[in-house]
Amino acid sequence: MAGIFITSKNIMNHSLHDFISGLSFTSNDWKYEYTSTVFQCVLTRVDRKDLWSPAIDIENKIFIGISGRIVLTPDQWQTGLSKSHRGGAAASYLIDEYLRKGIGLASNLNGAYTIFIIDENKEEAFLITDRLGFYPIFIYQNPHYITISTNFDSIAKFEGNLAYDLETMAEMLKFGYSVHPYTYYKQVKQLDPSSVYKLEKNKIERLLQYWKPEPNFEFNDKKLIFELSHSISDAVKLRTQKILGETGVFLSAGADSRVVLAASVDPSTIKSFTFYDVRNNEFNLASNIARAYGSEHIGLQREKEHYALGAEKASKIISALWNIQDAHYTNFIEKIASYNLDNLLSGCFADYLFKGIALNRSSIKLLGRPIPLYKTSAFNQKWYFAVSELKSNYDKISIDRNLSQYDGIDLTHDDETTKWMIEIARLYPISREATIGSRILLLRTLPWDPVLSDYNILQVYQKIPPSLKVNGFVWKKAVFELAEKVRHIVDNNNLSPLNANSFSITLHFLKGVLYRKVRHKDVDGTNLNDVVTRGSWPNFYVYLKRSEIFNKLWLRNRKITEDMFVEILGYNPYEWTTTDWADKDINLFFRMLTLKLWLEK
């Protein structure tokens, strides 16, 4: 996927593409421009034109463009293909739906998308956002026109001289994320998820919210496991239909990605990609999973300075609203694209939707020491992510802004519904979660489809109470049901079987602790104080201590951001080197560096 840009500003005889940036980041994208009596639009994509190109019904004067992806059944694809004279099959199908239902088509949409509709005969235009806000889109408006894009940097480049929002920057530095709808520009806001908007030349109106996340708890875990396993299976099969072409899966040795491979229509046709530093436990277990399903396993080895070498590009692609520390794919984009895949899948977002990391929770302790099991706890603004201290008035501003996302919730209550409401306040839209930088990068560069955006999966999400979610047991047991061939392969995150109970997880954890204490190495032989770990990602503490490139990026051009950082932080962060920051506050450092590299551009 890539992006979309829409404006009602009159730019005379120029191509809209001449004015914008932030929609194209690879050599594989293609562009489509459309001009109506009111709007000009440019859409970029990296996937197949026959499926995903915009479509036009000449007789009825209707244009539909899709940024992101909708999900269709085989019959719906055939309907779209039968109208291929209009353009791409997906948009052609939506034209039929629009002719029959009007904007009522929104209630049946599935996937991660922004849909732009122009109806020239009725002189109307509409924009539809996806249910949980997986695919963010932003707006600038003034009394004369509106400008909309999936990348707020494109809007800033088009408009010029927009004022920075230091409050949003401060919030990101303190909490690691910022709340909806604010961006780094005061005049640019993110549109709401699950919404149908009516667009006019100089205004936008939210016509309806076609879906609202609400708790509908089921306390029978067996029923939940059954429903979740079936919804995952259906979602993956819809996304691995033959019509969608060559498919790849990002595969690790956890539970989330293996279920995507296992539930595919034909796993033996899937290419499985695993990132690694050395062939550690994560890589070897992932290889075993791929082999069990006859999937070609492709290892992509990171360079020594993988994250530092990709930091500038990553900051640009993700607009610094998220963190370069999560930009795992940056230096592999062109390599992955060289496999000419039409479709890429992953198990992203399972941690947030089904393992409780967006809940307030605390570790259960054994003999005074925490073990990898959790219980829900009272509300706190600090949940999964580290919170840093700002020594300026922006600290309180950030706290107050962050609290605003919980408006309408009685935070003193401790019941299941209140806990769920706090969780969904953090996830609606989900594009504001702190680690989504990696997913934004995928949305803007590769033909990626987030499986867990599926409508039926989201319906099950609303049924799982926090008490059954906090340790992810329902999710893992659903994976256990589906991934039959690899049930025997442990989850590398805790070295326990997929269907492990609390006792089993505790036992495996203690065995690992004992092994590391005796051997001074991890269970696969990796050193405990090295960059390389047993898992998917490096030890960033050690990496930052040793990285010359990160240090150079940090110390260069400091005058560009020094005054701004001093104002927000209340002190000069450049008084410390990267080695100092690794010990002082490594999370704040990577947030600052991400913002610094973006501001330098």
Side-chain angles (χ1 to χ4, degrees), residues 2-20 23 30-45 49-68 70 72 76 79-109 113-130 137 139-150 154-155 158 191 195-208 210:
I4 193 169
F5 187 95
I6 304 161
T7 189
S8 59
K9 183 177 182 179
N10 186 351
I11 56 173
M12 305 301 288
N13 298 320
H14 294 280
S15 165
L16 185 60
H17 185 67
D18 294 340
F19 292 85
I20 64 171
L23 296 187
W30 50 269
K31 303 172 184 65
Y32 185 107
E33 291 191 43
Y34 181 81
T35 301
S36 71
T37 54
V38 177
F39 294 100
Q40 286 184 265
C41 165
V42 60
L43 184 144
T44 64
R45 298 197 67 101
K49 291 183 179 181
D50 63 325
L51 299 184
W52 301 109
S53 179
I56 300 173
D57 185 310
I58 297 174
E59 179 182 353
N60 293 291
K61 295 185 178 179
I62 295 168
F63 164 88
I64 293 185
I66 303 169
S67 195
I70 61 171
L72 300 177
Q76 290 168 338
T79 298
L81 287 170
S82 70
K83 307 290 179 64
S84 60
H85 60 281
R86 292 173 172 167
S92 294
Y93 169 77
L94 288 184
I95 288 178
D96 272 7
E97 287 289 282
Y98 177 75
L99 288 170
R100 291 193 303 113
K101 303 175 183 177
I103 59 173
L105 66 84
S107 61
N108 294 320
L109 292 171
Y113 49 78
T114 290
I115 297 168
F116 182 43
I117 303 171
I118 296 178
D119 188 332
E120 292 279 19
N121 283 341
K122 294 182 179 179
E123 298 182 342
E124 292 181 328
F126 305 99
L127 194 79
I128 305 174
T129 57
D130 74 67
I137 188 161
I139 184 168
Y140 165 87
Q141 58 185 128
N142 64 32
H144 308 291
Y145 63 88
I146 60 175
T147 300
I148 295 171
S149 180
T150 47
S154 294
I155 296 174
F158 183 71
L191 294 177
S195 299
V196 178
Y197 288 93
K198 183 177 182 180
L199 310 183
E200 297 182 24
K201 180 173 177 59
N202 62 349
K203 70 176 183 177
I204 181 170
E205 177 187 2
R206 190 188 191 203
L207 294 182
L208 64 95
Y210 65 89

Approximate separation, where rounding is to 0.5 Å, of Tyr32 OH and Ile4 CD1: 11.0 Å
Flag, side chain of Thr44 to backbone of Leu23, donor-acceptor distance under 3.5 Å: yes
Residue Lys203 excluded, over 12 heavy atoms near NZ under 6.0 Å: no
Close side-chain approach of Thr147 to Asn142, heavy-atom, < 4.5 Å: no
pair Lys83-Tyr93: side-chain heavy atoms closer than 4.5 Å: no
Ser149 versus Ser154, closest heavy-atom pair with distance: OG-CB, 3.6 Å
Lys201 to Tyr145, cation-pi by 6.0 Å centre distance and 45° axis angle: no
Heavy-atom side-chain contact between Leu43 and Phe116 under 4.5 Å: no
Side chain proximity check, Gln40 to Ile11, heavy atoms < 4.5 angstrom: yes
Where Leu94 and Leu109 come nearest, the two heavy atoms and their spacing: CD2-CD2, 3.8 Å
Separation between CD1 of Ile95 and CG of Asn60, rounded to the nearest 0.5 Å: 8.5 Å
Contact summary for Tyr98 and Ile64, nearest pair of heavy atoms: CB-CD1, 4.3 Å
Residue pair Tyr197, Ile128: steps toward the side chain to side chain contact (heavy atoms under 4.5 Å, CB included) verdict: CA-CA 6 Å; Tyr197 288 93; Ile128 305 174; over 6 Å; no
NZ (Lys122) with more than 12 external heavy atoms under 6.0 Å: no
Where Tyr210 and Ser195 come nearest, the two heavy atoms and their spacing: CE2-N, 3.4 Å
From Asp130 atom CG to Ser67 atom OG, the distance as rounded to the nearest 0.5 Å: 11.0 Å
Flag, side chain of Ser53 to backbone of Asp50, donor-acceptor distance under 3.5 Å: no
OG1-CD distance between Thr35 and Glu33, expressed to the nearest 0.5 angstrom: 7.0 Å
Least distance between heavy atoms, Ile137 atom then Leu127 atom: CD1-CD2, 4.1 Å
Any side-chain heavy-atom pair of Ile118 and Leu199 under 4.5 Å: no
Flag side-chain contact, heavy atom, 4.5 Å: Glu120 against Thr37: yes
Inter- and intrachain pairs under salt bridge (charged side-chain N to carboxylate O under 4.0 Å, His left out), touching residues 53-64, at least two apart: Asp57-Arg86
Intermediate values then yes/no, side chain to side chain contact (heavy atoms under 4.5 Å, CB included), Val38 and Glu123: CA-CA 9 Å; Val38 177; Glu123 298 182 342; over 6 Å; no
Side chain to side chain, Phe63 and Pro54, heavy atoms closer than 4.5 Å: yes
Ser92 to Gly80 - nearest heavy-atom pair and separation: CB-O, 3.6 Å
Separation of Thr7 OG1 from Phe158 CZ (nearest 0.5 Å): 4.0 Å
Main-chain N/O of Ile62 paired to Asp119 side chain as donor or acceptor, under 3.5 Å: no
Exam field: side chain Thr129 to backbone Thr114, donor-acceptor pair closer than 3.5 Å: no
